[in-house]
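What follows is one structure encoded as structure tokens, with my remarks underneath.
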Amino acid sequence: MFELETAANPQKLRRVAIDPVSRVEGHGKVTLLLDEDRKVHQVRLHIVEFRGFEVFIEGRPFWEVPVTVQRLCGICPVSHHIAAVKAMDIIAGAKQIPPTAEKLRRLMHYGQILQSHALHFFHLCSPDLLLGFDSDFTRRHILTVAEQHPEIAKQGILLRKFGQEVIRHTSGKRIHGTGAIPGGMNKALTVAERDELRRDVDQMIAWSKGAVDLVKQMHLTKPAFYNRFGEFDSNLMGLVDERGALDFYHGGLRATDADRRILFDHLDYARYEEVIDEQAKPWSYMKFPHLRSLGEEKGWYRVGPLARVAAADFLSTELANQERTEMMAVGNGRPPHGTLLYHWARLIEVLHSAELIRDLLDDPEILGTDLMADFGPRQEGMREGVGVIEAPRGTLFHHYRVGEDDLVKFCNLIVSTTNNNQAMNEAIRHVARTFIDGNEVTEGLLNHIEVAIRAYDPCLSCATHALGKMPLEVDLVAPDGQLLSRRQRNMTGTAG
Amino acid sequence: MPPPLAAKPKLKIATTSLSGCFGCHTSLCDIDERILELAEVAEFDRSPLTDIKHCSAHVDIGLIEGSVCNAENVHVLREFRASCKILVALGACAVNGGLPASRNALDVADCLQRVYCERGVGRHQVPNDPELPLLLDKVRPINEVVRIDYFIPGCPPSGDAIWKFLTDLIAGRMPRLEHGLLRFD
Ligand code: SF4
């Protein structure tokens with residue numbers, strides 16, 4: 001069973017909490033249980049929030065959903081927007097959307113990957129890598145990076161800005177826009193918008209290449225450390241196109257084992273339930289998915305940059321593919337499994353996205369105005385759609401059933417971060433065993449655990465969509481903030 | 001002539017997200033390179049952008065994203081109120097509950113049951129660990145829990161709106177968002 005997941009005698013142990021986990025999106029905390037000799041007995045990443053999207057989406061009109069579900073996440077809203085709209089294309093009866101509409105959606109999505117990855121690396125993670133895992137915690141943030149490495153910070157900020165501008169031009173707003181609708185897109189790209197993005201894109205490619213070089217240099221200074229930190233074998237999953245190249249927008253599901261032997265390939269993602277099962281645990285609102293064929297102990301897997309770059313056979317743009325080849329060499333014939341290598345893979349994906357954006361902007365079809373599908377006849381009875389994409393943090397599943405009244409009857413979401421849940425727990429246990437076990441627990445050492453979590457770029461906002469079961473607490477508060485009364489009840493509904 | 005802003009000691013700005021989607025924080029990052037200008041006059045205290053996990057005693061401006069959905073949100077919000085001279089509700093969730101408040105129409109206990117029975121979870125289990133904060137039966141806007149000084153609507157308010165608000169406030173002007181910056185979507 002999973003080592004360090006559950007301590008044998010928790011009552012006797014000392015609890016150390018990292019609360020909240022900082023420089024990640026959303027809410028989470030880590031608890032460690034240590035004995036008198038500071039030996040680690042239990043390590044858990046708890047997702048402590050609950051928002052219930054899957055339930056209140058039910059009863060809403062299907063065409064509204066691609067806009068609503070963006071509010072799952074303000075960092076990757078486009079991912080939820082597009083995964084939902086792909087499901088709703090099917091429900092609306094549009095099997096095929098026009099080529100321009102697909103290209104515009106891709107453009108928006110590549111802009112999303114670029115901005116999210118840049119935000120993650122530069123704004124949230126670079127302080128660990130550039131200033132040191134145990135540097136002064138009061139100064140470990142982007143503004144100190146800006147002071148000490150002004151050029152790197154500036155490029156990061158402007159790369160992210162570019163991604164946001166791509167999103168704005170395709171969806172109308174930088175955050176929570178409305179570009180995609182079931183069956184196509186509601187806005188064409190103008191020549192002026194295309195030219196504005198085209199003007200900057202070569203600079204973005206150059207800066208992305210620079211960012212990959214930066215992380216390669218870091219790796220070169222301490223290769224063993226970078227390869228070994230949070231290193232453990234796992235299965236890998238991602239979407240690939242028919243040639244086996246990574247495809248962020250559409251493709252078949254591929255899963256491999258830790259040695260990159262294919263478990264399944266080009267699987268129609270509408271059949272995801274046949275291959276993936278989710279398990280709940282009492283100490284987290286985030287579920288734990290695994291591949292059914294391997295069972296819950298062996299079947300958990302990783303998604304996101306390192307997993308999908310490794311699982312695919314190649315990347316379809318030239319510079320990014322060269323970088324992929326270099327990164328893969330680290331594994332000596334096996335896929336690399338070190339947690340910190342996620343940063344390297346993520347920056348390769350920034351470069352890949354920038355190249356993909358350039359290619360789309362150079363394609364005359366991007367300026368087309370045929371944006372809506374011809375709808376076939378609506379199917380009778382229950383309608384169902386599954387939309388899957390590679391979101392910045394990994395494979396994202398949206399699954400809906402709609403009634404004859406066009407209202408959503410059922411919604412299931414497996415967000416990217418949920419797919420990485422077990423992997424993140426493995427990573428922090430690995431790091432706790434290596435650095436904390438038997439040592440004085442300092443802020444710097446605890447930050448090592450957070451460094452491991454951050455490498456997965458967890459979006460704990462996304463991950464809190466699901467519902468858990470727990471007692472309810474009812475606070476009655478006066479407008480001045482005074483607590484008037486507090487009532488608790490357990491799940492059977494009895495007041496306590 | 002008033003002295004230039006940078007000559008004063010730096011202001012402290014704290015930010016947090018309660019039950020939100022992080023979009024309002026993303027929008028704060030949408031001030032883009034102006035964040036470097038902000039750094040000349042202000043520093044971040046507790047925030048998801050820093051590793052400071054509890055507010056310092058004296059924070060000048062607190063920005064809060066998200067609504068109040070569990071006991072932990074209430075504690076964090078009270079800590080912010082106690083530490084921050086000026087507390088700002090940033091975005092629809094903080095101002096009026098936003099989309100998370102959609103669950104207020106439902107009986108929570110009832111829909112919890114439904115979700116765990118209808119979705120193919122292998123082994124049904126009840127997340128009930130003491131590490132998970134107790135849930136409130138209703139999602140609430142933050143001004144139902146503490147006093148708020150300013151409200152910025154929008155889902156999220158744009159980076160430009162946040163910038164205009166902050167620069168007004170820092171310069172000692174009454175913050176004003178004109179048409180275009182003041183919006184509710
Ligand atoms: S107001 Fe909108 S953008 Fe801000 S946290 Fe709420 S849902 Fe997200």
Side-chain angles (χ1 to χ4, degrees), chain A residues 20 22-23 25-26 31 46 48-52 54-56 68 71-75 77 119 123 137-138 140-143 146 154 157-158 161 164 174-176 273 277-285 287 296 412 447 461 467-475 477 479-481 488 491 493, chain B residues 17 19 21-27 29-30 32-33 35-36 39 43-44 48-53 69-72 74 78 81 99-100 102-103 105-106 108-109 111-112 114-116 118-129 131-137 144-147 155-156 159:
Chain A
S22 45
R23 285 189 284 123
E25 304 97 15
T31 57
H46 308 267
V48 297
E49 207 194 330
F50 148 103
R51 292 189 296 156
E54 280 168 329
V55 176
F56 62 69
T68 331
R71 270 77 183 179
L72 279 160
C73 179
I75 306 217
L119 177 83
H123 293 67
F137 78 96
T138 62
R140 210 164 47 214
H141 53 69
I142 173 76
L143 297 180
K154 196 188 96 197
I157 288 167
L158 293 178
K161 177 183 185 179
Q164 288 292 72
R174 277 181 164 200
I175 300 163
H176 303 336
E273 284 175 307
D277 197 5
E278 294 176 85
Q279 200 209 333
K281 296 192 180 181
W283 43 268
S284 177
Y285 279 134
K287 293 176 191 170
E296 98 195 29
N412 190 37
N447 190 48
S461 302
L467 287 166
K469 284 180 186 175
M470 67 179 318
L472 306 177
E473 181 178 89
V474 186
D475 269 1
V477 247
D480 66 357
Q488 295 184 353
M491 285 309 299
Chain B
S17 155
S19 182
C21 77
F22 222 76
C24 291
H25 274 89
T26 311
S27 208
C29 294
D30 276 341
D32 299 326
E33 60 275 32
I35 198 169
L36 304 176
E43 59 191 14
F44 282 106
L49 294 170
T50 70
D51 283 342
I52 301 170
K53 298 190 195 273
C69 89
N70 64 32
E72 190 206 6
V74 176
R78 293 208 173 120
R81 180 67 277 178
L99 205 67
S102 301
R103 82 158 156 92
L106 306 165
V108 182
C111 63
L112 297 173
R114 246 171 53 210
V115 160
Y116 270 84
E118 284 172 17
R119 283 163 189 72
V121 181
R123 177 144 42 92
H124 292 224
Q125 235 179 69
V126 182
N128 59 356
D129 197 87
E131 295 291 350
L132 301 178
L134 284 170
L135 208 62
L136 304 182
D137 70 332
E144 286 191 15
V145 180
V146 297
R147 179 178 54 80
C155 181

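- Proximity to chain B involves both the backbone and the side chain of A/I75, based on heavy atoms less than 4.5 angstrom apart.
- Between atom CZ of residue A/F137 and atom CD1 of residue B/I52 there is a gap of 6.5 Å, rounded to the nearest 0.5 Å.
- Smallest separation of non-hydrogen atoms from A/F56 and B/L99: CZ-O, 3.7 Å.
- Residues meeting the side-chain contact (heavy atoms from CB on, under 4.5 Å) test with A/K154, sequence neighbours left out: A/E151, A/L158.
- With a threshold of 4.5 angstrom between heavy atoms, B/C69 approaches chain A through side-chain atoms but not through N, CA, C or O.
- A donor-acceptor pair is defined here as one N or O able to donate and one able to accept, closer than 3.5 Å; such a pair exists between the side chain of B/T26 and the backbone of A/G74.
- Heavy atoms only, all atoms of each residue included: B/C155 and A/H176 are closest at O-CD2, 3.4 Å.
- Contacts with chain A were tallied for B/A39, B/C24, B/S19; B/S19 has the most, counting heavy-atom pairs under 4.5 Å.
- The minimum heavy-atom distance between B/C29 and A/L119, with the atom names listed, is SG-CD1, 3.7 Å.
- The heavy-atom pair separating B/L49 from A/H141 by the smallest distance is O-CB, 3.3 Å.
- Applying the salt bridge (Lys or Arg N to Asp or Glu O under 4.0 Å) rule to A/R174 yields the partners A/E165, B/D30, B/D32; only residues at least two apart in sequence or on another chain are considered.
- Residue contact with chain B, scored on non-hydrogen atoms closer than 4.5 Å, involves the backbone and the side chain of A/I175 alike.
- Considering only heavy-atom pairs separated by less than 4.5 Å from chain A, the leading option among B/P100, B/G159, B/G23, B/S27 is B/G23.
- Most heavy-atom pairs under 4.5 Å with chain A: of the set B/I35, B/D51, B/L36, this distinction falls to B/D51.
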